[in-house]
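Just below is one structure, and these are the notes that go with it.
Fair warning: this is a prediction, and the values are worked out from it, not measured in the lab. Because only heavy atoms are used, hydrogens play no part in the values below, and waters and symmetry mates are left out as well, while side chains stay in. Letters go in sequence order (proteins before strands), and every chain restarts at 1.
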Protein chains: 2
Amino acid sequence: MSSHEELILARVALTWLAEPGTRSVHALVDELGPVGALDLLLDGGAPQQALRESVAARSRGGDARMIAAEALRRAARLGVRVVIPGDDEWPETVEHLRTLRLSDARRRVDVETAPPLCFWVRGSWPLAEALDRSVAVVGSRAATAYGTHVATDLGYGLADRDWTVVSGGAFGIDAAAHRGALNAGGRTVAVLACGVDRAYPMGNAALFDRIADIGLLVSEWPPGAEPLRPRFLIRNRVIAAGTRGTVLVEAAARSGATQTTRRAIALGRPAMVVPGPVTSAMSVGAHEMLREYLEARLVTGLAHVLEEVGRIGELAPVPRGPERPTDLLDDDARSIVEAMPRRGRVDVDALAVRAGLAVRTVLRKLPLLEELALVVRREDGYALVTPSRPSTPAQPGPSTPTPPRPVAPVSRPIGGDAPPSA
Amino acid sequence: MSSHEELILARVALTWLAEPGTRSVHALVDELGPVGALDLLLDGGAPQQALRESVAARSRGGDARMIAAEALRRAARLGVRVVIPGDDEWPETVEHLRTLRLSDARRRVDVETAPPLCFWVRGSWPLAEALDRSVAVVGSRAATAYGTHVATDLGYGLADRDWTVVSGGAFGIDAAAHRGALNAGGRTVAVLACGVDRAYPMGNAALFDRIADIGLLVSEWPPGAEPLRPRFLIRNRVIAAGTRGTVLVEAAARSGATQTTRRAIALGRPAMVVPGPVTSAMSVGAHEMLREYLEARLVTGLAHVLEEVGRIGELAPVPRGPERPTDLLDDDARSIVEAMPRRGRVDVDALAVRAGLAVRTVLRKLPLLEELALVVRREDGYALVTPSRPSTPAQPGPSTPTPPRPVAPVSRPIGGDAPPSA
């Protein structure tokens with residue numbers, strides 16, 4: 001039985017020999033344990049030729065165990081800890097990556113999506129607890145003012161409801177989501193594609209310090225590791241798997257930001273997409289996600305997101321127009337109101353003709369309409385109660401009903417304004 | 001056998017006795033023909049009590065046949081013709097309304113959705129021909145600048161591709177769609193909820209005249225008929241059924257504009273919705289349609305609309321980012337490019353370590369990369385070809401790849417900038 005330190009060292013060394021997510025390495029760890037797997041690989045015994053070659057190539061750059069040991073010493077000096085499976089704070093949700101299979105996966109980054117072997121963590125919050133009730137908010141670096149506004153709002157709202165906001169620490173949408181959460185006094189987690197001691201991008205250095213103070217910086221790579229291009233995509237599987245759902249705010253065509261959403265879909269996690277103006281290049285990728293993936297759910301704000309990731313009882317209200325007294329009316333009563341002349345009076349018989357209803361139906365409904373203060377009885381008939389004007393002027397024409405009170409135009413069933421001329 | 005004039009007169013009279021779409025009336029016409037149905041109704045013989053009462057109420061306002069005859073005389077003076085089933089220009093597509101059943105239909109306007117009994121038409125284009133290759137573009141009257149822009153664009157693009165743009169002649173989205181079509185030199189059809197001689201809304205009077213000149217104004221109600229509120233919703237079923245598909249551009253919560261889309265869905269016609277900023281109240285109804293109805297298809301422009309309504313061969317191109325030379329590379333070749341130092345040279349052995357590949361794999365791939373002008377061979381190794389700068393500065397960091405040429409950061413597999421210190 002290996003000690004905890006040996007397990008950690010082996011997992012760190014394995015992550016150096018092959019990039020995180022490599023399925024063949026993960027399978028060897030499952031079979032032999034991390035120490036056995038490392039021994040096998042260093043002895044040149046990997047079953048796959050590609051893996052054997054990769055290990056041999058890396059090993060020409062140094063001794064895996066020594067490099068891992070040095071990385072661990074460096075981490076200890078920086079106050080960075082390593083978390084591995086079996087630890088209390090290991091987030092079990094990332095183990096779902098075992099079953100992740102992306103459709104149409106041809107690129108290495110879409111195939112090699114095994115669970116992480118370890119996490120490097122900066123910040124005092126236990127990792128599993130931080131991710132337990134978490135939502136990812138991701139999107140483009142080149143965000144527009146619109147996207148930044150939406151991401152900040154979402155980050156704020158989620159943190160305000162005690163959800164952890166997880167993102168990638170990049171410029172644009174990522175930074176806006178982290179900042180929104182921090183502004184709400186909430187905690188947020190940045191999952192990085194480089195060492196947790198590196199401020200990448202440099203412009204977010206102050207943001208990373210704030211996140212580390214009250215939230216977490218997390219990475220699969222050791223302190224000092226550089227943000228190589230493929231690592232951002234490798235990292236995205238952790239954001240998708242470690243959270244209850246992923247919200248994509250803005251993405252250009254072919255944006256890497258859609259990759260996290262695709263991984264969330266493949267994992268069966270809620271995959272949410274915020275639409276935007278069709279005139280904005282930064283929403284093209286978001287709209288394509290909504291067109292291509294039935295599982296991608298259009299969300300317009302916090303309420304919709306909570307409905308997807310929340311427990312029962314957090315259903316978003318369906319937006320409604322203003323309530324109107326006529327909402328309560330049945331068809332007959334509504335027809336009577338609509339047949340009332342806009343000005344002047346009408347007697348019951350004429351009203352019945354206008355409304356296309358029997359006189360006794362009209363007589364039966366009028367008391368209710370009086371009670372609702374929609375019509376008023378005069379000596380010579382009934383009149384519409386003039387609605388008090390709403391603050392915004394009511395638009396004429398009914399195709400989109402906007403006035404808070406019904407306004408029935410003067411009507412004659414046929415022939416219009418002019419009386420039939422012979 | 002009744003004459004064509006008798007058939008027209010009976011259908012016009014029936015439309016006066018009960019609003020268009022009334023299913024019981026349509027069923028009687030199917031059974032007895034329009035003349036027989038009219039006779040039965042006027043004799044008080046309607047099988048349904050509600051219909052008997054409605055006919056009796058209307059009849060107290062005048063003689064149905066006389067009123068119909070007068071409406072026809074008036075129409076003839078105005079150059080308005082009546083089109084009925086069996087006529088060459090009757091659009092057969094509206095007969096699909098026989099099978100329309102709206103889910104959750106409680107209101108009269110959602111139940112009484114039978115086909116029209118007749119159309120009043122102003123304009124010289126044959127109605128069926130006008131609607132044969134047509135798309136409805138509908139939306140809110142209180143449109144934003146964004147919605148107006150999108151609707152005008154769509155109207156223009158559809159007309160430019162020889163599609164008829166159908167809408168309701170209202171302010172906002174409707175008018176923008178009509179205008180877009182006219183601007184393209186195309187023809188457009190306005191389906192009105194009042195007489196085709198009435199300019200409602202008045203502000204669109206000049207637009208209606210242009211439409212009537214080269215397109216069509218169409219209504220189920222005779223000249224002079226007023227735009228009563230329920231008629232807009234009654235009319236919407238014709239817009240949905242008479243076209244190949246319906247595009248909703250902007251709709252507030254609970255907007256009447258969504259009704260047409262619901263009818264298109266119930267008819268199995270393509271129901272398309274343009275998203276917008278989630279911060280815009282005028283897109284709330286559009287987003288709700290996309291959330292509630294799986295059949296509602298998100299479209300962002302002409303190409304998507306044509307893909308829905310067009311014949312095979314009009315598929316929209318999937319938007320892509322800029323093509324890059326590295327798109328052609330396999331994983332190994334891509335890894336080599338990504339492992340190249342941004343500045344300076346690297347020898348093959350070091351490159352193999354950085355890329356995690358066997359030396360012979362690197363040697364096999366390098367000639368291709370040279371041929372693609374991605375790397376260049378120097379005396380002392382290989383160097384990255386400096387990409388010519390794009391007009392917009394490339395953003396650092398790879399989560400959304402934007403530069404047209406790959407830029408590989410200087411990398412060391414582990415340990416970062418500083419060499420491992422002992």
What part of [X] gets within 4.5 angstrom of chain A, counting heavy atoms only: side chain, backbone, both, or neither?
X	value
B:Thr15	neither
B:Val109	neither
B:Arg60	both
B:Leu17	neither
B:Asp153	neither
B:Ala56	neither
B:Ser283	neither

Quiz item: Would you say A:Thr300's side chain and B:Val278's backbone share a donor-acceptor pair under 3.5 angstrom?
Solution: no
Practice problem: Keeping the roles fixed (side chain from A:Tyr146, backbone from B:Thr279), state whether a donor-acceptor pair exists under 3.5 Å. | Solution: no
Exercise. Return the option, out of A:Gln259, A:His149, A:Arg52, A:Arg360, with the maximum number of heavy-atom pairs under 4.5 Å with chain B.
Key: A:Arg360
Exercise. Among A:Gly276, A:Ser54, A:Gly195, A:Gly172, single out the residue with the greatest number of heavy-atom pairs under 4.5 Å to chain B.
Key: A:Gly276
Quiz item: Is there a side-chain contact between B:Val299 and A:His287, using heavy atoms and a 4.5 Å cut-off?
Solution: no
Can you tell me how far the [atom1] atom of [X] sits from the [atom2] atom of [Y], to the nearest 0.5 Å?
X	Y	atom1	atom2	result
A:Leu290	B:Arg297	CG	CZ	10.0 Å
A:Leu228	B:Glu338	CG	CD	8.0 Å
B:Asp332	A:Glu53	CG	CD	8.5 Å
A:Arg291	B:His304	CZ	NE2	3.5 Å

Practice problem: Name the option with the most non-hydrogen atom pairs under 4.5 Å to chain A; the candidates are B:Pro275, B:Ala358, B:Ala281. | Solution: B:Pro275
Under a 4.5 Å heavy-atom cut-off, does chain B meet the side chain of [X], its backbone, both or neither?
X	value
A:Thr361	side chain
A:Val138	neither
A:Gln49	side chain
A:Ser335	side chain

Practice problem: Determine the sole option in A:Arg229, A:Arg107, A:Arg108 for which the side chain to side chain contact (heavy atoms under 4.5 Å, CB included) test with B:Arg334 is passed. | Solution: A:Arg107
Quiz item: Do you know which two heavy atoms are closest between B:Ala57 and A:Ala352, and how far apart they sit?
Solution: CB-O, 3.7 Å
Exercise. Inspect the contact between B:Arg106 and A:Asp331 and indicate whether a charged nitrogen and a carboxylate oxygen are less than 4.0 angstrom apart.
Key: no
